[in-house]
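Worksheet for the structure shown next.
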2 protein chains.
Amino acid sequence: MLPSSTVENYLKAIYVGEMHLADGQTLVPMGQLAGALGIAPGTATTMVKALFESGLVVYEPYNGVRLTAAGQKLAARVLRRHRLIELFLVQVIGMNWDEVHDDAEQMEHVVSDRFIERIDEMLGQPEVDPHGDPIPTADGRLPHRALETLLTCPLHTPVTVARVTDQDAAFLRFIESNNLKPGQTIEVEARDEVSDSVRLKGHNDERMTIGARAASKLLVTG
Amino acid sequence: MLPSSTVENYLKAIYVGEMHLADGQTLVPMGQLAGALGIAPGTATTMVKALFESGLVVYEPYNGVRLTAAGQKLAARVLRRHRLIELFLVQVIGMNWDEVHDDAEQMEHVVSDRFIERIDEMLGQPEVDPHGDPIPTADGRLPHRALETLLTCPLHTPVTVARVTDQDAAFLRFIESNNLKPGQTIEVEARDEVSDSVRLKGHNDERMTIGARAASKLLVTG
DNA sequence: CGTCACATTTTGATTATTCAAAATTACATC
DNA sequence: GATGTAATTTTGAATAATCAAAATGTGACG
Ligand SMILES: [Mn+2]
Ligand SMILES: [Mn+2]
Ligand SMILES: [Mn+2]
Ligand SMILES: [Mn+2]
(Lines give C-alpha, C1' and ligand atoms only; values in the text may rest on other atoms or scores of the structure.)
(Ligands and ions follow the chains in the order given, each with its own letter.)
Protein backbone atom coordinates (compact mmCIF):
# COMPACT_ATOMS: atom_id res chain seq x y z
CA MET A 1 0.00 0.00 0.00
CA LEU A 2 1.25 3.44 -0.75
CA PRO A 3 1.11 5.68 2.29
CA SER A 4 -1.76 8.16 2.66
CA SER A 5 -1.11 11.88 3.03
CA THR A 6 -1.85 11.44 6.71
CA VAL A 7 0.75 8.74 7.15
CA GLU A 8 3.28 10.82 5.24
CA ASN A 9 2.63 13.78 7.50
CA TYR A 10 3.11 11.67 10.62
CA LEU A 11 6.36 10.22 9.35
CA LYS A 12 7.67 13.63 8.36
CA ALA A 13 6.75 15.08 11.75
CA ILE A 14 8.52 12.24 13.55
CA TYR A 15 11.56 12.67 11.29
CA VAL A 16 11.78 16.38 12.04
CA GLY A 17 11.01 15.69 15.69
CA GLU A 18 13.94 13.31 15.94
CA MET A 19 16.28 16.02 14.70
CA HIS A 20 15.22 18.38 17.44
CA LEU A 21 15.71 15.82 20.18
CA ALA A 22 17.99 16.78 23.04
CA ASP A 23 21.23 14.81 23.29
CA GLY A 24 20.61 11.34 24.64
CA GLN A 25 16.95 11.38 23.73
CA THR A 26 16.06 8.89 21.05
CA LEU A 27 12.26 8.94 21.10
CA VAL A 28 9.87 11.69 20.06
CA PRO A 29 7.27 12.16 22.84
CA MET A 30 3.67 11.60 21.74
CA GLY A 31 2.60 14.99 23.01
CA GLN A 32 5.19 16.73 20.90
CA LEU A 33 4.13 14.75 17.86
CA ALA A 34 0.46 15.55 18.42
CA GLY A 35 1.36 19.19 18.87
CA ALA A 36 3.40 19.33 15.68
CA LEU A 37 0.54 17.82 13.71
CA GLY A 38 -2.18 19.81 15.40
CA ILE A 39 -4.18 16.78 16.44
CA ALA A 40 -5.48 15.40 19.73
CA PRO A 41 -3.02 13.27 21.74
CA GLY A 42 -5.28 10.25 21.59
CA THR A 43 -5.36 10.43 17.84
CA ALA A 44 -1.58 10.35 17.71
CA THR A 45 -1.48 7.28 19.93
CA THR A 46 -3.92 5.43 17.72
CA MET A 47 -2.12 6.35 14.55
CA VAL A 48 1.35 5.58 15.88
CA LYS A 49 0.18 2.11 16.87
CA ALA A 50 -0.94 1.61 13.27
CA LEU A 51 2.43 2.85 11.99
CA PHE A 52 4.07 0.40 14.33
CA GLU A 53 1.98 -2.44 12.90
CA SER A 54 3.15 -1.37 9.44
CA GLY A 55 6.76 -1.54 10.56
CA LEU A 56 7.37 2.15 9.96
CA VAL A 57 8.11 3.14 13.54
CA VAL A 58 9.35 1.84 16.85
CA TYR A 59 6.80 2.64 19.52
CA GLU A 60 7.43 2.53 23.25
CA PRO A 61 4.22 3.20 25.13
CA TYR A 62 4.52 6.20 27.44
CA ASN A 63 7.98 6.94 26.06
CA GLY A 64 7.53 7.93 22.46
CA VAL A 65 8.17 7.00 18.89
CA ARG A 66 11.07 6.71 16.47
CA LEU A 67 11.31 5.84 12.77
CA THR A 68 12.51 2.47 11.53
CA ALA A 69 14.74 2.37 8.45
CA ALA A 70 11.64 1.92 6.30
CA GLY A 71 9.91 4.85 7.98
CA GLN A 72 13.00 7.01 7.61
CA LYS A 73 13.18 6.36 3.92
CA LEU A 74 9.59 7.44 3.38
CA ALA A 75 9.96 10.44 5.66
CA ALA A 76 13.10 11.67 3.90
CA ARG A 77 11.32 11.36 0.58
CA VAL A 78 8.43 13.50 1.76
CA LEU A 79 10.72 16.10 3.32
CA ARG A 80 12.77 16.21 0.13
CA ARG A 81 9.62 16.82 -1.86
CA HIS A 82 8.43 19.47 0.53
CA ARG A 83 11.60 21.50 0.38
CA LEU A 84 12.16 21.12 -3.33
CA ILE A 85 8.61 22.28 -3.93
CA GLU A 86 9.06 25.27 -1.64
CA LEU A 87 12.15 26.35 -3.54
CA PHE A 88 10.40 25.76 -6.82
CA LEU A 89 7.45 27.92 -5.79
CA VAL A 90 9.80 30.76 -4.90
CA GLN A 91 12.27 30.42 -7.75
CA VAL A 92 10.05 29.44 -10.64
CA ILE A 93 6.54 30.53 -9.73
CA GLY A 94 7.66 33.72 -8.03
CA MET A 95 5.83 33.27 -4.78
CA ASN A 96 7.15 34.80 -1.61
CA TRP A 97 9.03 32.68 0.89
CA ASP A 98 6.38 33.32 3.53
CA GLU A 99 3.55 31.89 1.46
CA VAL A 100 4.98 28.66 0.05
CA HIS A 101 4.70 26.39 3.05
CA ASP A 102 1.00 25.56 2.80
CA ASP A 103 1.13 24.78 -0.90
CA ALA A 104 4.18 22.56 -0.35
CA GLU A 105 2.46 20.84 2.55
CA GLN A 106 -0.20 19.58 0.15
CA MET A 107 1.73 19.20 -3.07
CA GLU A 108 4.38 17.02 -1.40
CA HIS A 109 1.78 14.22 -1.28
CA VAL A 110 0.39 14.40 -4.76
CA VAL A 111 2.88 15.36 -7.45
CA SER A 112 4.55 12.60 -9.45
CA ASP A 113 8.16 11.53 -9.15
CA ARG A 114 8.51 12.86 -12.68
CA PHE A 115 7.50 16.30 -11.49
CA ILE A 116 9.98 16.20 -8.63
CA GLU A 117 12.80 15.05 -10.89
CA ARG A 118 12.08 17.85 -13.32
CA ILE A 119 12.06 20.64 -10.75
CA ASP A 120 15.16 19.22 -9.06
CA GLU A 121 16.84 19.50 -12.44
CA MET A 122 15.45 22.99 -13.15
CA LEU A 123 16.73 24.19 -9.79
CA GLY A 124 20.15 22.61 -10.29
CA GLN A 125 19.96 19.96 -7.57
CA PRO A 126 19.75 22.52 -4.78
CA GLU A 127 20.94 21.72 -1.27
CA VAL A 128 18.71 24.04 0.69
CA ASP A 129 15.18 25.41 0.46
CA PRO A 130 14.20 29.10 0.64
CA HIS A 131 14.48 29.04 4.42
CA GLY A 132 17.91 27.47 4.35
CA ASP A 133 16.53 24.09 5.42
CA PRO A 134 18.62 21.26 3.95
CA ILE A 135 17.01 19.17 1.22
CA PRO A 136 17.36 15.40 1.66
CA THR A 137 19.08 13.78 -1.30
CA ALA A 138 17.24 11.39 -3.62
CA ASP A 139 18.78 8.46 -1.75
CA GLY A 140 17.51 9.73 1.57
CA ARG A 141 20.57 11.33 3.07
CA LEU A 142 20.18 14.65 4.86
CA PRO A 143 23.23 16.88 4.39
CA HIS A 144 24.27 18.39 7.67
CA ARG A 145 25.95 21.78 8.10
CA ALA A 146 27.29 22.90 11.45
CA LEU A 147 25.67 26.27 12.05
CA GLU A 148 25.59 28.66 14.94
CA THR A 149 22.75 30.88 16.06
CA LEU A 150 23.03 34.61 16.54
CA LEU A 151 23.20 33.81 20.25
CA THR A 152 26.37 31.77 19.93
CA CYS A 153 28.32 33.11 16.96
CA PRO A 154 31.39 35.31 17.47
CA LEU A 155 30.90 39.06 18.06
CA HIS A 156 32.10 41.76 15.68
CA THR A 157 32.67 39.21 12.96
CA PRO A 158 30.88 39.11 9.61
CA VAL A 159 28.61 36.07 9.36
CA THR A 160 26.20 34.96 6.67
CA VAL A 161 22.63 34.06 7.43
CA ALA A 162 22.19 30.43 6.39
CA ARG A 163 18.86 29.35 7.78
CA VAL A 164 15.73 30.59 9.47
CA THR A 165 14.12 28.01 11.72
CA ASP A 166 10.60 29.38 11.99
CA GLN A 167 7.98 29.05 9.26
CA ASP A 168 5.64 31.68 10.70
CA ALA A 169 4.68 34.05 7.88
CA ALA A 170 4.80 37.19 10.00
CA PHE A 171 8.26 36.26 11.27
CA LEU A 172 9.49 35.54 7.76
CA ARG A 173 8.21 38.89 6.54
CA PHE A 174 9.96 40.58 9.41
CA ILE A 175 13.22 38.86 8.50
CA GLU A 176 12.80 39.81 4.88
CA SER A 177 12.01 43.45 5.48
CA ASN A 178 15.09 43.73 7.67
CA ASN A 179 17.39 42.16 5.10
CA LEU A 180 18.13 39.15 7.21
CA LYS A 181 17.29 36.48 4.65
CA PRO A 182 19.64 33.55 4.04
CA GLY A 183 22.64 34.73 2.05
CA GLN A 184 22.82 38.17 3.61
CA THR A 185 25.83 39.18 5.67
CA ILE A 186 25.53 40.65 9.13
CA GLU A 187 27.51 41.12 12.30
CA VAL A 188 26.56 40.73 15.95
CA GLU A 189 27.64 43.84 17.82
CA ALA A 190 26.43 42.99 21.27
CA ARG A 191 24.32 40.65 23.34
CA ASP A 192 22.57 41.68 26.48
CA GLU A 193 21.31 39.13 28.96
CA VAL A 194 19.28 41.59 30.96
CA SER A 195 17.33 43.10 28.09
CA ASP A 196 17.16 39.66 26.46
CA SER A 197 18.28 41.14 23.16
CA VAL A 198 20.92 41.09 20.45
CA ARG A 199 22.19 44.13 18.55
CA LEU A 200 23.07 43.65 14.89
CA LYS A 201 24.81 45.50 12.13
CA GLY A 202 23.10 44.54 8.91
CA HIS A 203 22.75 45.60 5.31
CA ASN A 204 24.26 49.06 4.64
CA ASP A 205 25.56 49.05 8.21
CA GLU A 206 22.04 49.47 9.44
CA ARG A 207 21.71 48.78 13.18
CA MET A 208 18.88 46.86 14.69
CA THR A 209 18.04 45.08 17.91
CA ILE A 210 16.07 41.89 18.09
CA GLY A 211 14.97 39.66 20.97
CA ALA A 212 17.02 36.63 22.01
CA ARG A 213 14.09 34.40 21.06
CA ALA A 214 14.18 35.69 17.49
CA ALA A 215 17.98 35.65 17.42
CA SER A 216 18.00 31.96 18.25
CA LYS A 217 16.03 31.28 15.09
CA LEU A 218 18.63 32.79 12.81
CA LEU A 219 21.39 30.35 11.96
CA VAL A 220 24.63 31.62 10.44
CA THR A 221 27.95 30.47 9.04
CA GLY A 222 31.23 32.11 9.89
CA MET B 1 -17.38 24.18 4.31
CA LEU B 2 -14.89 24.07 1.52
CA PRO B 3 -15.54 21.13 -0.80
CA SER B 4 -13.44 18.00 -0.44
CA SER B 5 -11.43 16.62 -3.34
CA THR B 6 -14.13 14.01 -3.75
CA VAL B 7 -16.89 16.58 -4.04
CA GLU B 8 -14.81 18.59 -6.50
CA ASN B 9 -14.30 15.51 -8.64
CA TYR B 10 -18.02 14.75 -8.67
CA LEU B 11 -18.90 18.30 -9.64
CA LYS B 12 -16.31 18.35 -12.37
CA ALA B 13 -17.52 15.02 -13.76
CA ILE B 14 -21.12 16.25 -13.80
CA TYR B 15 -20.02 19.49 -15.47
CA VAL B 16 -18.17 17.63 -18.21
CA GLY B 17 -21.00 15.12 -18.44
CA GLU B 18 -23.51 17.89 -19.08
CA MET B 19 -21.45 19.08 -22.04
CA HIS B 20 -21.57 15.69 -23.67
CA LEU B 21 -25.31 15.37 -23.31
CA ALA B 22 -27.30 14.68 -26.45
CA ASP B 23 -29.61 17.49 -27.58
CA GLY B 24 -32.68 17.69 -25.41
CA GLN B 25 -31.07 15.82 -22.54
CA THR B 26 -30.56 17.95 -19.47
CA LEU B 27 -29.60 15.38 -16.84
CA VAL B 28 -26.44 13.30 -16.55
CA PRO B 29 -27.43 9.65 -15.92
CA MET B 30 -26.12 8.20 -12.68
CA GLY B 31 -24.50 5.28 -14.45
CA GLN B 32 -22.53 7.59 -16.69
CA LEU B 33 -21.39 9.63 -13.70
CA ALA B 34 -20.31 6.51 -11.81
CA GLY B 35 -18.48 5.32 -14.90
CA ALA B 36 -16.65 8.60 -15.36
CA LEU B 37 -15.52 8.56 -11.75
CA GLY B 38 -14.71 4.87 -11.64
CA ILE B 39 -16.94 4.16 -8.66
CA ALA B 40 -19.84 1.82 -7.97
CA PRO B 41 -23.30 3.09 -9.01
CA GLY B 42 -24.61 2.93 -5.47
CA THR B 43 -21.79 5.15 -4.29
CA ALA B 44 -22.73 7.77 -6.86
CA THR B 45 -26.35 7.72 -5.73
CA THR B 46 -25.34 8.26 -2.11
CA MET B 47 -22.96 11.06 -2.94
CA VAL B 48 -25.30 12.83 -5.32
CA LYS B 49 -27.98 12.88 -2.64
CA ALA B 50 -25.47 14.58 -0.37
CA LEU B 51 -24.60 17.10 -3.10
CA PHE B 52 -28.30 17.75 -3.48
CA GLU B 53 -28.61 18.44 0.26
CA SER B 54 -25.77 20.93 -0.12
CA GLY B 55 -27.59 22.70 -2.93
CA LEU B 56 -24.90 21.94 -5.49
CA VAL B 57 -26.98 19.77 -7.80
CA VAL B 58 -30.51 19.07 -8.93
CA TYR B 59 -31.19 15.37 -8.51
CA GLU B 60 -34.08 13.52 -10.10
CA PRO B 61 -34.15 9.93 -8.87
CA TYR B 62 -33.92 7.45 -11.73
CA ASN B 63 -33.35 10.29 -14.19
CA GLY B 64 -30.02 11.80 -13.32
CA VAL B 65 -28.25 14.85 -11.99
CA ARG B 66 -27.48 18.43 -13.08
CA LEU B 67 -25.47 21.24 -11.50
CA THR B 68 -27.12 24.22 -9.82
CA ALA B 69 -25.59 27.67 -10.33
CA ALA B 70 -23.55 27.15 -7.16
CA GLY B 71 -22.37 23.74 -8.32
CA GLN B 72 -21.50 25.09 -11.73
CA LYS B 73 -19.34 27.80 -10.24
CA LEU B 74 -17.33 25.32 -8.22
CA ALA B 75 -17.06 22.89 -11.12
CA ALA B 76 -15.82 25.54 -13.53
CA ARG B 77 -13.23 26.57 -10.99
CA VAL B 78 -11.89 23.04 -10.69
CA LEU B 79 -11.89 22.48 -14.43
CA ARG B 80 -10.08 25.78 -14.91
CA ARG B 81 -7.46 24.70 -12.42
CA HIS B 82 -7.10 21.31 -14.03
CA ARG B 83 -6.49 22.66 -17.49
CA LEU B 84 -4.24 25.51 -16.42
CA ILE B 85 -2.15 23.05 -14.45
CA GLU B 86 -1.91 20.68 -17.40
CA LEU B 87 -0.67 23.46 -19.63
CA PHE B 88 1.73 24.60 -16.93
CA LEU B 89 3.16 21.10 -16.57
CA VAL B 90 3.81 20.94 -20.29
CA GLN B 91 4.96 24.50 -20.86
CA VAL B 92 6.93 25.24 -17.73
CA ILE B 93 7.91 21.89 -16.26
CA GLY B 94 8.52 20.28 -19.61
CA MET B 95 6.39 17.22 -19.12
CA ASN B 96 4.83 15.45 -22.07
CA TRP B 97 1.16 16.01 -22.86
CA ASP B 98 0.41 12.34 -22.28
CA GLU B 99 1.65 12.36 -18.70
CA VAL B 100 0.16 15.51 -17.21
CA HIS B 101 -3.38 14.39 -16.57
CA ASP B 102 -2.79 12.46 -13.36
CA ASP B 103 -0.72 15.18 -11.75
CA ALA B 104 -3.34 17.77 -12.67
CA GLU B 105 -6.09 15.54 -11.33
CA GLN B 106 -4.53 15.81 -7.88
CA MET B 107 -3.01 19.27 -7.96
CA GLU B 108 -6.30 20.87 -8.99
CA HIS B 109 -7.57 20.26 -5.45
CA VAL B 110 -4.62 21.45 -3.42
CA VAL B 111 -2.73 24.38 -4.92
CA SER B 112 -3.56 27.87 -3.71
CA ASP B 113 -5.40 30.52 -5.70
CA ARG B 114 -2.13 32.41 -5.61
CA PHE B 115 -0.43 29.57 -7.46
CA ILE B 116 -3.17 29.44 -10.07
CA GLU B 117 -3.06 33.19 -10.60
CA ARG B 118 0.69 33.07 -11.06
CA ILE B 119 0.71 30.28 -13.62
CA ASP B 120 -2.21 31.86 -15.47
CA GLU B 121 -0.07 34.97 -15.74
CA MET B 122 3.08 33.06 -16.72
CA LEU B 123 1.16 31.30 -19.47
CA GLY B 124 -0.39 34.52 -20.74
CA GLN B 125 -4.00 33.79 -19.80
CA PRO B 126 -4.26 30.86 -22.17
CA GLU B 127 -7.58 29.79 -23.66
CA VAL B 128 -6.87 26.11 -24.19
CA ASP B 129 -4.88 23.37 -22.48
CA PRO B 130 -2.33 21.07 -24.18
CA HIS B 131 -5.11 18.91 -25.57
CA GLY B 132 -6.99 21.87 -26.98
CA ASP B 133 -9.62 21.69 -24.24
CA PRO B 134 -10.97 25.17 -23.46
CA ILE B 135 -10.00 26.68 -20.11
CA PRO B 136 -12.88 28.19 -18.14
CA THR B 137 -12.29 31.86 -17.35
CA ALA B 138 -11.75 33.09 -13.81
CA ASP B 139 -15.39 34.17 -13.67
CA GLY B 140 -16.58 30.71 -14.64
CA ARG B 141 -17.39 31.14 -18.29
CA LEU B 142 -16.36 28.37 -20.68
CA PRO B 143 -15.36 29.77 -24.10
CA HIS B 144 -16.94 27.76 -26.84
CA ARG B 145 -15.47 27.20 -30.28
CA ALA B 146 -17.44 25.53 -33.03
CA LEU B 147 -15.24 22.69 -34.19
CA GLU B 148 -15.69 19.85 -36.60
CA THR B 149 -14.28 16.35 -36.40
CA LEU B 150 -12.23 14.69 -39.09
CA LEU B 151 -15.43 12.83 -39.91
CA THR B 152 -17.39 15.96 -40.75
CA CYS B 153 -14.90 18.56 -41.98
CA PRO B 154 -14.62 19.39 -45.70
CA LEU B 155 -12.44 17.17 -47.91
CA HIS B 156 -9.28 18.32 -49.69
CA THR B 157 -9.18 21.44 -47.58
CA PRO B 158 -6.42 22.39 -45.14
CA VAL B 159 -7.65 22.30 -41.56
CA THR B 160 -5.85 22.84 -38.29
CA VAL B 161 -6.06 20.36 -35.45
CA ALA B 162 -7.61 22.22 -32.52
CA ARG B 163 -8.44 19.59 -29.97
CA VAL B 164 -7.99 15.94 -29.09
CA THR B 165 -10.86 14.54 -27.07
CA ASP B 166 -9.25 11.48 -25.55
CA GLN B 167 -6.86 11.58 -22.61
CA ASP B 168 -5.54 8.05 -23.08
CA ALA B 169 -1.75 8.20 -22.96
CA ALA B 170 -1.21 5.65 -25.73
CA PHE B 171 -3.60 7.51 -28.01
CA LEU B 172 -1.92 10.83 -27.25
CA ARG B 173 1.49 9.38 -28.06
CA PHE B 174 0.12 8.04 -31.32
CA ILE B 175 -1.22 11.48 -32.23
CA GLU B 176 2.07 13.08 -31.32
CA SER B 177 4.25 10.69 -33.27
CA ASN B 178 2.08 11.24 -36.33
CA ASN B 179 2.27 15.02 -36.11
CA LEU B 180 -1.38 15.43 -35.41
CA LYS B 181 -1.12 17.57 -32.31
CA PRO B 182 -3.22 20.73 -31.91
CA GLY B 183 -1.81 23.47 -34.12
CA GLN B 184 -0.72 21.19 -36.93
CA THR B 185 -2.29 21.49 -40.35
CA ILE B 186 -3.68 18.50 -42.19
CA GLU B 187 -6.12 17.65 -44.93
CA VAL B 188 -8.72 14.90 -45.22
CA GLU B 189 -8.25 13.17 -48.56
CA ALA B 190 -10.94 10.55 -48.33
CA ARG B 191 -13.38 8.83 -46.05
CA ASP B 192 -14.47 5.28 -46.52
CA GLU B 193 -17.58 3.92 -44.84
CA VAL B 194 -16.84 0.32 -45.61
CA SER B 195 -13.33 0.21 -44.25
CA ASP B 196 -14.41 2.54 -41.43
CA SER B 197 -11.40 4.73 -42.06
CA VAL B 198 -10.19 8.20 -42.96
CA ARG B 199 -7.18 8.98 -45.14
CA LEU B 200 -5.14 12.05 -44.25
CA LYS B 201 -2.41 14.17 -45.74
CA GLY B 202 -0.35 15.45 -42.86
CA HIS B 203 2.99 17.04 -42.11
CA ASN B 204 5.34 17.04 -45.13
CA ASP B 205 2.49 15.67 -47.23
CA GLU B 206 2.80 12.39 -45.42
CA ARG B 207 -0.20 10.11 -46.00
CA MET B 208 -1.79 8.07 -43.27
CA THR B 209 -5.02 6.24 -42.63
CA ILE B 210 -6.74 6.14 -39.28
CA GLY B 211 -9.96 4.54 -38.06
CA ALA B 212 -13.21 6.46 -37.92
CA ARG B 213 -13.26 6.05 -34.16
CA ALA B 214 -9.92 7.81 -33.84
CA ALA B 215 -10.86 10.37 -36.48
CA SER B 216 -13.90 11.39 -34.44
CA LYS B 217 -11.60 12.34 -31.58
CA LEU B 218 -9.66 14.88 -33.62
CA LEU B 219 -11.39 18.24 -33.74
CA VAL B 220 -10.32 20.82 -36.31
CA THR B 221 -10.95 24.37 -37.44
CA GLY B 222 -11.34 25.36 -41.08
C1' DC C 1 6.69 5.91 50.34
C1' DG C 2 2.55 8.62 49.18
C1' DT C 3 0.67 12.12 46.45
C1' DC C 4 -0.05 15.22 42.62
C1' DA C 5 0.48 16.97 38.22
C1' DC C 6 1.01 15.92 33.78
C1' DA C 7 1.49 12.97 29.86
C1' DT C 8 -0.47 9.27 27.66
C1' DT C 9 -3.79 5.85 26.53
C1' DT C 10 -8.43 4.11 26.27
C1' DT C 11 -13.17 4.50 25.24
C1' DG C 12 -17.06 5.59 22.66
C1' DA C 13 -18.46 8.12 19.05
C1' DT C 14 -18.69 10.74 14.50
C1' DT C 15 -17.82 11.87 9.57
C1' DA C 16 -16.55 10.84 4.87
C1' DT C 17 -16.15 7.59 1.43
C1' DT C 18 -16.47 3.43 -0.49
C1' DC C 19 -18.17 -1.54 -1.95
C1' DA C 20 -21.01 -5.81 -2.93
C1' DA C 21 -25.11 -7.60 -3.35
C1' DA C 22 -30.08 -7.39 -2.83
C1' DA C 23 -34.20 -4.87 -3.92
C1' DT C 24 -36.60 -1.91 -6.73
C1' DT C 25 -38.00 0.82 -10.66
C1' DA C 26 -38.44 2.18 -15.52
C1' DC C 27 -38.98 1.12 -20.10
C1' DA C 28 -39.22 -1.23 -24.21
C1' DT C 29 -41.19 -5.12 -26.26
C1' DC C 30 -44.30 -8.67 -27.01
C1' DG D 1 -51.18 -4.99 -20.15
C1' DA D 2 -47.60 -8.59 -18.77
C1' DT D 3 -42.77 -9.34 -18.69
C1' DG D 4 -37.82 -9.12 -18.80
C1' DT D 5 -33.72 -6.42 -18.89
C1' DA D 6 -31.02 -2.90 -17.55
C1' DA D 7 -30.43 1.03 -14.71
C1' DT D 8 -30.83 2.67 -10.28
C1' DT D 9 -31.41 2.67 -5.40
C1' DT D 10 -31.17 0.52 -0.94
C1' DT D 11 -28.98 -2.10 2.52
C1' DG D 12 -25.42 -3.55 5.39
C1' DA D 13 -20.84 -3.24 6.10
C1' DA D 14 -15.94 -1.74 6.00
C1' DT D 15 -11.91 1.57 6.33
C1' DA D 16 -9.49 5.78 7.57
C1' DA D 17 -9.17 9.56 10.40
C1' DT D 18 -10.57 12.22 13.82
C1' DC D 19 -12.34 14.15 18.69
C1' DA D 20 -13.76 14.73 23.68
C1' DA D 21 -13.57 13.07 27.86
C1' DA D 22 -12.56 9.40 31.08
C1' DA D 23 -9.09 6.36 32.79
C1' DT D 24 -4.53 5.26 33.66
C1' DG D 25 0.45 5.45 34.10
C1' DT D 26 4.96 8.00 35.23
C1' DG D 27 8.08 10.62 37.58
C1' DA D 28 9.05 14.33 40.73
C1' DC D 29 8.96 15.86 45.25
C1' DG D 30 8.17 16.24 49.85
MN1 LIG E 1 1.85 17.52 4.16
MN1 LIG F 1 11.17 25.40 4.36
MN1 LIG G 1 -9.25 15.54 -9.35
MN1 LIG H 1 -6.62 18.27 -20.94
Side-chain angles (χ1 to χ4, degrees), chain A residues 1-14 17-18 20-22 24-66 71 74 78 105-106 108-110, chain B residues 1-14 17-18 20-22 24-66 71 74 78 105-106 108-110:
Chain A
M1 324 279 133
L2 81 166
S4 65
S5 295
T6 301
V7 166
E8 292 190 335
N9 284 334
Y10 273 85
L11 295 176
K12 182 157 60 86
I14 297 167
E18 282 185 35
H20 295 156
L21 248 29
Q25 297 306 108
T26 153
L27 294 172
V28 178
M30 300 305 282
Q32 185 174 306
L33 178 60
L37 291 168
I39 60 182
T43 305
T45 299
T46 305
M47 189 66 196
V48 163
K49 284 199 281 196
L51 295 177
F52 172 73
E53 292 305 323
S54 307
L56 297 171
V57 304
V58 174
Y59 171 49
E60 291 182 19
Y62 293 103
N63 286 325
V65 63
R66 167 183 57 234
L74 286 173
V78 181
E105 196 59 56
Q106 298 302 129
E108 65 188 2
H109 311 293
V110 305
Chain B
M1 323 280 134
L2 81 167
S4 65
S5 295
T6 301
V7 166
E8 291 189 336
N9 284 334
Y10 273 84
L11 295 176
K12 182 157 62 89
I14 297 167
E18 282 184 34
H20 295 155
L21 249 29
Q25 296 307 107
T26 153
L27 294 171
V28 178
M30 300 304 282
Q32 183 175 308
L33 177 61
L37 292 168
I39 59 181
T43 305
T45 299
T46 305
M47 191 65 197
V48 163
K49 284 199 280 195
L51 295 177
F52 172 73
E53 292 305 321
S54 308
L56 296 171
V57 305
V58 173
Y59 170 50
E60 290 183 19
Y62 292 102
N63 286 325
V65 63
R66 166 183 58 233
L74 286 174
V78 180
E105 196 58 56
Q106 297 303 128
E108 65 188 1
H109 310 293
V110 305

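Residue numbers start from 1 in every chain, and the chains themselves are labelled A, B, ... in the order their sequence lines are given, proteins ahead of strands.
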Could you tell me how far apart B/Lys49 (NZ) and D/dT11 (P) are, to the nearest whole angstrom?
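Taking NZ of B/Lys49 and P of D/dT11, I get 8 Å after rounding.
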
Please name the pair of heavy atoms, one in B/Pro41 and one in B/Ala34, separated by the smallest distance, quoted to 0.1 Å.
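B/Pro41 and B/Ala34 have their closest heavy atoms at CA-CB, 3.9 Å.
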
Correct closest heavy-atom pair for B/Leu37 and B/Ala13 would be CD2-CB, 3.8 Å

Does A/Glu105 have any salt bridge (Lys or Arg N to Asp or Glu O under 4.0 Å) partners at least two apart in sequence or in another chain, and if so, which?
A/Lys12

When you compare the side chain of [Y] with that of [X], does any pair of heavy atoms fall below 4.5 Å?
X       : Y       : result
B/Val57 : B/Ile14 : yes
B/Val65 : B/Leu33 : yes
A/Leu74 : A/Val7  : no

Which pairs with one or both residues in residues 46-56 of chain B pass salt bridge (Lys or Arg N to Asp or Glu O under 4.0 Å), sequence neighbours excluded?
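Matches after skipping sequence neighbours: none remain.
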
Under 3.5 Å, N/O pairs linking protein and nucleotides 16-18 of chain D:
{"unit_1": "D/dA17", "atom_1": "OP1", "unit_2": "A/Ser4", "atom_2": "OG", "d": "2.5"}

Describe the nucleic acid contact of A/Gly31 in one word from base, sugar-phosphate, nothing, applying a heavy-atom distance below 4.0 Å.
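Sugar-phosphate contact only - A/Gly31 comes under 4.0 Å of backbone atoms but never of a base.
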
Listed by chain and number, what are the side-chain hydrogen bond (donor to acceptor under 3.5 Å, both in side chains) partners of B/Glu60, not counting sequence neighbours?
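Result, side-chain hydrogen bond (donor to acceptor under 3.5 Å, both in side chains) vs B/Glu60: B/Asn63.
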
What's the separation between atom CD in A/Gln25 and atom CZ in A/Arg66, rounded to the nearest 0.5 Å?
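Result: 11.5 Å between the selected atoms.
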
How long is the span from the OG1 atom in A/Thr45 to the OH atom in A/Tyr59, to the nearest 0.5 Å?
5.0 Å

Tell me which residues in residues 54-64 of chain A put a heavy atom below 4.0 Å from DNA chain C, sorted by number, or none.
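Contacts with DNA chain C under 4.0 Å: A/Tyr59, A/Pro61, A/Tyr62.
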
Can you give me the first and the last nucleotide of DNA chain C (5' to 3') that has an atom within less than 4.0 angstrom of a non-hydrogen atom in chain A?
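Span of nucleotides near chain A: C/dT8 to C/dT10.
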
